[in-house]
There are 2 protein chains.
Amino acid sequence: MEYNSNIDRKSFKPAYIQLVNILRSQIDSGKFRPGGRLPSESQLCKSYNVSPMTVRRAINILLQEGVVSTTQGRGTFVKAIELHSVKFGSRELQDIFSGNIDTKVKLLEVKIIKANADIALKLNIKPDTRVILIRRLIMKDMEPVFYHQEYLIYNPTHPTVESEMGVTALYGLFTGRGEASLKRGEISIKPAILSETEAHLLLVDTSLPSFRLEHIFFDFDNRPISWGYFLCRSDKISFNTRVGSGETSDIILENQ
Amino acid sequence: MEYNSNIDRKSFKPAYIQLVNILRSQIDSGKFRPGGRLPSESQLCKSYNVSPMTVRRAINILLQEGVVSTTQGRGTFVKAIELHSVKFGSRELQDIFSGNIDTKVKLLEVKIIKANADIALKLNIKPDTRVILIRRLIMKDMEPVFYHQEYLIYNPTHPTVESEMGVTALYGLFTGRGEASLKRGEISIKPAILSETEAHLLLVDTSLPSFRLEHIFFDFDNRPISWGYFLCRSDKISFNTRVGSGETSDIILENQ
DNA sequence: AAGTGGTCTAGACCACTAT
DNA sequence: TAGTGGTCTAGACCACTTT
């Protein structure tokens, strides 16, 4: 939040960030209502004594945040809140996998099995090909939070396999210190009802609904490497988002 | 995707977008692996005959996408895929609420009730204050997808109330043509198990798990205006994301 | 014609990292 | 010291919308 409405050139905050904060708090205060027009870019240049590129940069940020919309030749307008393209994040997921020290991974089982039709389809291999099954329990504060089950392509010459089997390898994926051989992944969330054995592992009742976080990863040849899913206790995790002009002011600086 | 590795000044695509696509496809191809360093900005200026600001802009986009990370004085590096801060979106949600013509809202009930402790807490009012209860069914292709239940502050002088009661007002929220009096909202996703009556309304069995999409909206005085939730059939909706260097090339241009 | 957003230049200066 | 990312300038030119 900017308390004064001028740009402080001595501040450690860049001018464009200060301008973003000024404009956002003005929108937030109701000075510019949804549908209303912001001052033109050239006006902003004069008002705050900054160059066009700096104004442009500030407005681009508000644009990306979905706070304003621009039309060439018309102006910059405050957007009404809209829900159809919201993105959800999870504070708890971030907490658990941010290298937090009280997060433990308990390896339940590692074995080589023959792929059934379903696994074969997902991993794009022939049925009955050998794959590695890993079952893990992720604990936070001594309590189970996730049950994780994963099928890996079995390839003795492939370096991924060995490192993935390590219980700590899971961290890497979350914290970015993971495999350089993984190119991309796809993850989806669905709600799930736990089976008796799954509920037992997570120390909950089957009446507690859960998230099923399914994932698949590919190498640089676009071949599937692993497929699996997390089952998450719904009392330990949720996905959230904010829309409209919230007080997100300082997050931007942290990201840069 | 860029097929040649030079910037076409006659193209309708801006130079910085072309550069983003070139760099991304080079990362995608494995030319720059996770952990590896990209050419320096000044090198990129020379290679592609663009100004520093244009290179900067391109790299900023890759930075925002999480594809690369930068360190002042060291360089720009390809990031390994990381999961802890992924954001999930829903294609189905987008489809249903993008002004699609075959989406219908069926109003089940509108009545004034006295707020119980739970509702009073959420809406920051005294218990037994009168609130409006709205119950809706959102249909797609003649099939129910969402059950929606919402509690609105009852205030005859407030313009929000009347327009919200209209069955079509729901669209506005999703498409951005909604209330200009709403400042911000918070939305969360949890898994849920349907009650008998809820399952009956959605024409499914209680054994089908569902999403519960809870929302609360505030006006420009930061007062809660409405609180409620959607129950979503899990066979009709999912939340997804991609990590790593996927083929997201052209989406960027569409957003701009 | 005047005003708007959108792209781009060709430098400048600074802070930081490596050697 | 040399190279790196990061910010910023003071204009230019273009495409578009409004009057």
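Please read all numbers here as calculations on a predicted model, not as lab measurements. In what follows, chains carry the letters A, B, and so on, assigned in the order in which the sequence lines appear, proteins first and then strands, with residues in each chain numbered from 1.
Closest to the side chain of B:Ala15, out of C:dA15, D:dT7, C:dC8, is C:dC8. Nearest nucleotide to the side chain of B:Thr54, out of C:dC8, D:dG5, D:dT4: C:dC8. Considering only the side chain of A:Ser42, C:dT4 comes nearest among C:dT9, C:dT4, C:dG5. Of the candidates D:dA10, D:dA15, C:dT9, C:dT9 carries the atom nearest the B:Met53 side chain, counting heavy atoms from C-beta on.
At a threshold of 4.5 Å between non-hydrogen side-chain atoms, the residues B:Leu44 and B:Val50 do not count as touching.
Look at CD1 on A:Ile59: it is 8 Å from C1' on C:dG5, rounded to the nearest Å. For the pair A:Leu38 CG and C:dG3 C1', the computed distance is 16 Å after rounding to whole Å. Atoms CZ (B:Arg37) and P (C:dA18) sit 11 Å apart, rounded to a whole Å. The interatomic distance linking A:Leu63 (CG) with C:dT7 (C1') rounds to 15 Å, in whole Å. The OH atom of A:Tyr16 sits 16 Å away from the C1' atom of D:dT9 (whole-angstrom rounding).
Side-chain contact of B:Ser226 with B:Glu150: a donor-acceptor pair under 3.5 Å is present, judged by distance alone.
Comparing B:Arg74 and A:Ser51 against DNA chain D, the residue whose closest nucleotide sits nearer the 5' end is B:Arg74.
A donor-acceptor pair is defined here as one N or O able to donate and one able to accept, closer than 3.5 Å; no such pair exists between the side chain of A:Ser238 and the backbone of B:Ile189.
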